[in-house]
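See structure below.
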Protein chains: 2
Amino acid sequence: MTKAAGAPQLRKGVLGPLVLALLEERERYGLEIVRELASRDLVASEGTVYPLLTRLQDAGAVESEWIVSERDRPRRFYRLTGAGRAELAAFRTDWPAFTRAVESILTRGDSPDQRREVHP
Amino acid sequence: MTKAAGAPQLRKGVLGPLVLALLEERERYGLEIVRELASRDLVASEGTVYPLLTRLQDAGAVESEWIVSERDRPRRFYRLTGAGRAELAAFRTDWPAFTRAVESILTRGDSPDQRREVHP
DNA sequence: GCGACTACTTTGCATTGCAAGGTAACGTGC
DNA sequence: GCACGTTACCTTGCAATGCAAAGTAGTCGC
């Protein structure tokens, strides 16, 4: 299956909420988020995620804190705020309607022998 | 927060393929495509679609032709090319993997207390 | 010290979506 | 004819997003 080059800019506008979803689980630092997304072919570089985190913080959706431990090197950890949770909830609400709308258009003149869907 | 009503910028990067899918069915003209997308809350204005059609044509995914009939006023109709079909096929291939990846992240710490079943 | 690795940051660019405004052709009513 | 509304197309200018690339530090192993 086509990898990174495969999905053009599908990602656009989705990354923000995805980062929020990752932070819902627990606090994370920048590179950790990059790796998490990259492992799912959803993002390519740090140049995307770090500015995004800054924007999310400016928007009040996340807050951050430098954490210096003795085991690891200093890292800036991001945590979801109440506003961030609300935004994530809104996205979870909108997402199904969006994919349904896309698929309603996508599966029209769809190839004849592509019917692999479940039928009772 | 700032992301107000409807689907924020989920649309980004998806509109191109959707237009191709609409043209797969039959030839269409600009405003017709705008209305088709708007009826599904997928786009707001002509300022999005007309430049997009121009880009698709420059990319060789569609071709266009002025059609002047006696019933209607002159319209520029767009038609899918071979390259456009290929691009659409690639999108149909990538789309499920994309939504799966998104949902794998979205449904993790998902609904923490979302009992659909009322218990006494 | 030197290199490799981690982690964060910044710059600059291309693409995308959109509102707003503009042009032109056609039909209806006066 | 002429004004007006409608349809259809096009263009300009801007903001947001994604990303490569390059830069800054701190840490570890040698």
Side-chain angles (χ1 to χ4, degrees), chain A residues 3-20 27-38 41-59 61-62 64-78 87 91 98, chain B residues 1-20 27-38 41-59 61-62 64-78 87 91 98:
Chain A
K3 280 213 67 172
Q9 33 273 80
L10 291 181
R11 319 174 182 80
K12 288 206 170 190
V14 168
L15 281 181
L18 289 186
V19 166
L20 297 183
E27 300 183 359
R28 293 173 195 267
Y29 61 97
L31 259 199
E32 193 185 355
I33 295 175
V34 172
R35 296 197 189 105
E36 197 70 43
L37 294 172
D41 293 322
L42 283 169
V43 78
S45 85
E46 316 158 32
T48 299
V49 173
Y50 284 116
L52 172 57
L53 285 168
T54 303
R55 270 181 270 138
L56 289 173
Q57 184 164 27
D58 290 349
V62 305
S64 69
E65 181 189 8
W66 277 100
I67 293 189
V68 184
S69 82
E70 291 179 1
R71 340 186 107 270
D72 305 308
R73 68 193 60 205
R75 291 165 173 163
R76 181 189 287 276
F77 277 80
Y78 290 86
E87 202 175 312
F91 182 82
F98 171 68
Chain B
M1 270 193 55
T2 2
K3 330 291 182 118
Q9 40 272 81
L10 291 182
R11 317 174 183 79
K12 287 206 170 190
V14 170
L15 281 182
L18 289 185
V19 167
L20 297 183
E27 299 182 1
R28 292 174 194 267
Y29 62 97
L31 259 198
E32 193 184 357
I33 295 174
V34 171
R35 295 198 188 103
E36 197 70 43
L37 293 172
D41 293 322
L42 282 168
V43 79
S45 83
E46 315 159 31
T48 298
V49 172
Y50 283 117
L52 172 57
L53 285 168
T54 303
R55 271 182 271 137
L56 289 173
Q57 185 164 28
D58 290 348
V62 305
S64 68
E65 180 189 9
W66 277 101
I67 293 189
V68 185
S69 82
E70 291 179 1
R71 340 185 107 268
D72 305 308
R73 70 193 59 203
R75 291 165 173 164
R76 181 188 287 276
F77 277 81
Y78 290 86
E87 201 174 315
F91 182 82
F98 171 69

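First the proteins, then the strands, lettered A, B, ... as listed; each starts at 1.
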Electrostatic pair A:R75:A:E32 at N-O distance under 4.0 angstrom: no

Pairwise distance OG1(B:T48) to CD1(B:I33) - rounded to 0.5 angstrom: 12.5 Å

Among the nucleotides C:dC18, C:dT9, D:dA8, which one has an atom lying closest to any side-chain atom of A:R76? C:dT9

Nearest of D:dC9, C:dT6, D:dC19 to any side-chain atom of B:L31? D:dC9

Quickly work out the A:L18 CG to D:dT17 P distance and round it to whole Å. 14 Å

Can A:L56 and A:Y78 be said to form a side-chain contact (heavy atoms from CB on, under 4.5 Å), step by step? CA-CA 10 Å; A:L56 289 173; A:Y78 290 86; over 6 Å; no

In chain order, what residues pass the ring pair (Phe, Tyr, Trp, His ring centres under 6.0 Å) check against A:Y50, with sequence neighbours excluded? none

For A:D41 and D:dG18, what is the distance between atoms CG and C1' respectively, to the nearest whole Å? 16 Å

Tell me which donor-acceptor pairs under 3.5 Å the side chains of residues 65-72 of chain B have, and how far apart each pair is, sequence neighbours excluded?
unit_1: B:S69; atom_1: OG; unit_2: B:R71; atom_2: N; d: 3.2
unit_1: B:S69; atom_1: OG; unit_2: B:D72; atom_2: N; d: 2.9

Taken to the nearest whole Å, CG/A:D58 to P/C:dT9 is 12 Å

Write down the distance between CG (B:L15) and P (D:dT17), rounded to a whole number of angstrom. 16 Å

Residue met sooner reading DNA chain C from 5', once A:T54 and B:R55 are mapped to nucleotides: A:T54

When you measure from the side-chain N and O atoms of B:Y29 to the phosphate of D:dC9, is any distance below 4.0 Å, counting only OP1 and OP2? no

Measure CD/B:E32 against C1'/D:dC9 and give the value in whole Å, please. 14 Å

Between C:dT6 atom C1' and A:R35 atom CZ, what is the distance in whole Å? 7 Å

Can you check side-chain contact (heavy atoms from CB on, under 4.5 Å) on B:V19 and B:L37, steps first, answer last? CA-CA 8 Å; B:V19 167; B:L37 293 172; 4.2 Å; yes

What is the distance, rounded to the nearest whole Å, between atom OH of A:Y50 and atom P of C:dT6? 12 Å

Please pick, from C:dT9, D:dC10, C:dG17, the nucleotide with the shortest atom-to-atom distance to any side-chain atom of B:W66. D:dC10

To the nearest Å, give me how far apart CD (B:E27) and P (D:dA8) are. 16 Å

Full working for side-chain contact (heavy atoms from CB on, under 4.5 Å) between B:F98 and A:D41: CA-CA 8 Å; B:F98 171 69; A:D41 293 322; over 6 Å; no

In B/S/- notation, 5' to 3', how is nucleotides 21-30 of chain D contacted by protein heavy atoms closer than 4.0 Å? B----BS---

